[in-house]
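In this text, all values refer to a predicted model and were calculated from it rather than measured experimentally.
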Amino acid sequence: MLRFNIRHQTIRRADTFRPVKNSRNYLYAEFDFLTDDWSRYGTKTALFKGAGMNESIAVILDGQGKALVPWEVLEKDSFTVSVFAGDLITAGIVEVHLYESGYESGRDVKDPTPSVYQQIIELLKTKGDGHGAREIELRNDGSHIQWRYVGDGAWMDLVPLDDIRGTDGSSPIKGVDYFTEEEISAIANTVETALKEYIDVQIGGVLNGSY
């Protein structure tokens with residue numbers, strides 16, 4: 001496991017682990033926040049960016065400050081790590097070198113690392129499952145649908161309103177203008193009752209401004 005210490009806005013690696021290229025669903029990163037300026041934020045997000053990538057991949061930290069390192073960043077010689085919280089405390093960047101692997105890639109197809117939006121859907125699915133999942137609330141700030149854990153102070157952008165509005169600002173049509181088929185299937189199979197309330201009541205209220 002990779003370990004990182006964060007003191008104010010400085011991030012440093014704190015392990016001697018030698019990560020190897022091409023692993024998947026194996027390598028985790030743990031973040032230890034050593035100063036009080038991070039403590040007021042319940043939700044923290046790690047940023048991973050592989051060599052040659054144009055954009056970072058965001059992964060929400062779990063309750064122990066851990067995140068699964070996306071497989072996409074483990075294919076080149078190195079990747080960078082950072083972290084942020086709330087609205088907005090950021091940290092610097094630390095580079096992690098990757099060692100060669102004996103694995104020879106074939107034609108296996110890898111699913112992409114879930115987006116932050118998909119991660120939020122997973123959090124919603126686990127709400128009330130008896131395993132200590134925290135409740136999530138939503139709001140419309142005029143430009144984005146935002147989310148936060150109940151009790152946290154800062155709101156986080158979930159999706160721009162322009163991405164889920166229909167043309168000319170009209171209301172989106174469920175199953176046509178928003179949600180992919182995969183997302184609909186995953187949610188419907190696990191929380192059918194909660195899905196109806198979540199889409200028809202909560203998101204509908206956020207879009208029309210009643211929340």
Side-chain angles (χ1 to χ4, degrees), residues 1-6 8-13 19 23-33 37-76 78-96 98 110-127 133-134 136-141 143-150 152-164 178-180 182-183 186-187 203 206:
M1 180 185 295
L2 304 176
R3 290 184 171 85
F4 301 92
N5 289 339
I6 298 90
H8 300 300
Q9 291 188 288
T10 300
I11 180 171
R12 289 191 173 92
R13 192 168 165 190
S23 64
R24 185 181 181 207
N25 297 326
Y26 167 74
L27 183 63
Y28 281 82
E30 182 177 30
F31 297 80
D32 189 9
F33 299 90
D37 42 359
W38 291 86
S39 62
R40 65 179 180 272
Y41 299 109
T43 304
K44 302 177 182 69
T45 304
L47 296 172
F48 301 92
K49 186 175 183 180
M53 294 177 62
N54 293 324
E55 296 182 356
S56 298
I57 297 175
V59 181
I60 300 171
L61 302 189
D62 66 15
Q64 288 73 48
K66 297 178 182 178
L68 180 65
V69 178
W71 64 264
E72 294 94 329
V73 308
L74 301 176
E75 298 189 329
K76 302 296 184 180
S78 64
F79 64 94
T80 60
V81 182
S82 188
V83 65
F84 71 91
D87 60 348
L88 184 68
I89 180 171
T90 60
I93 294 173
V94 62
E95 184 174 19
V96 177
L98 291 169
K110 302 176 183 177
D111 294 328
T113 295
S115 66
V116 169
Y117 177 74
Q118 292 168 320
Q119 294 173 50
I120 297 299
I121 293 297
E122 290 301 313
L123 290 171
L124 287 167
K125 285 161 57 179
T126 60
K127 185 176 70 174
R134 298 176 60 189
I136 290 172
E137 57 185 340
L138 302 171
R139 77 171 185 182
N140 176 359
D141 77 338
S143 63
H144 290 75
I145 291 179
Q146 296 183 315
W147 74 280
R148 68 178 180 183
Y149 287 117
V150 172
D152 281 1
W155 290 87
M156 306 286 287
D157 290 343
L158 176 56
V159 60
L161 292 179
D162 287 344
D163 285 359
I164 56 176
Y178 61 95
F179 293 136
T180 65
E182 293 79 5
E183 288 167 347
I187 299 171
I203 285 191
V206 170

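The backbone N or O of Ala91 lies less than 3.5 Å from a partner atom in the side chain of Ser82, making a donor-acceptor pair. Judged by distance alone, with hydrogens and angles left aside, the side-chain atoms of Glu30 form no donor-acceptor pair with the main-chain N or O of Arg3 at under 3.5 Å. Looking at Ser78, its side chain never comes within 3.5 Å of a backbone N or O of Val96 through a donor-acceptor pair. Formation of a donor-acceptor pair under 3.5 Å by the Trp38 side chain with backbone atoms of His8 is found in this model.
For the atom pair CD1 (Ile57) and CH2 (Trp71), the distance works out to 8.0 Å, reported to the nearest 0.5 Å. Glu72 contributes atom CD, which lies 12.5 Å from atom CD of Glu55 (distance to the nearest 0.5 angstrom). Note that NZ of Lys44 and OG of Ser39 are 7.5 Å apart. Values are rounded to the nearest 0.5 Å.
Side-chain contact between Val73 and Lys49 is absent, with no heavy atoms from C-beta onward closer than 4.5 Å. Val59 is not listed as a side-chain neighbour of Leu68, based on a closest heavy-atom distance of 4.5 Å or more. Between Leu74 and Phe79 there is a side-chain heavy-atom pair separated by less than 4.5 Å.
Here the closest non-hydrogen pair linking Lys76 and Leu98 is O-CD1, 3.3 Å. Residues Arg40 and Asp37 approach most closely at NH1-O, 3.4 Å, considering heavy atoms. Scanning both residues, Tyr28 and Met1, for their nearest heavy atoms gives O-CG, 3.4 Å. Residue Ser23 comes nearest to Leu27 through the heavy atom pair OG-CB, 4.3 Å, listed as atom of the first residue, atom of the second, then distance.
Relative orientation of the Phe48 and Phe31 rings is perpendicular, given thresholds of 30° and 60° on the angle between their planes.
The side chain to side chain contact (heavy atoms under 4.5 Å, CB included) test with Phe33 is passed by exactly one of Asn5, Ile89, Leu61, Ile11: Leu61.
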Item to check | Stepwise side chain to side chain contact (heavy atoms under 4.5 Å, CB included) test for Trp155 and Asp141 | outcome: CA-CA 10 Å; Trp155 290 87; Asp141 77 338; over 6 Å; no
Next on the checklist: Before you tell me yes or no, could you show the steps for Gln9 and Thr90 under side chain to side chain contact (heavy atoms under 4.5 Å, CB included), namely the whole-Å CA-CA distance, both residues' side-chain angles and the distance that decides it to 0.1 Å?
Outcome noted: CA-CA 6 Å; Gln9 291 188 288; Thr90 60; 3.2 Å; yes
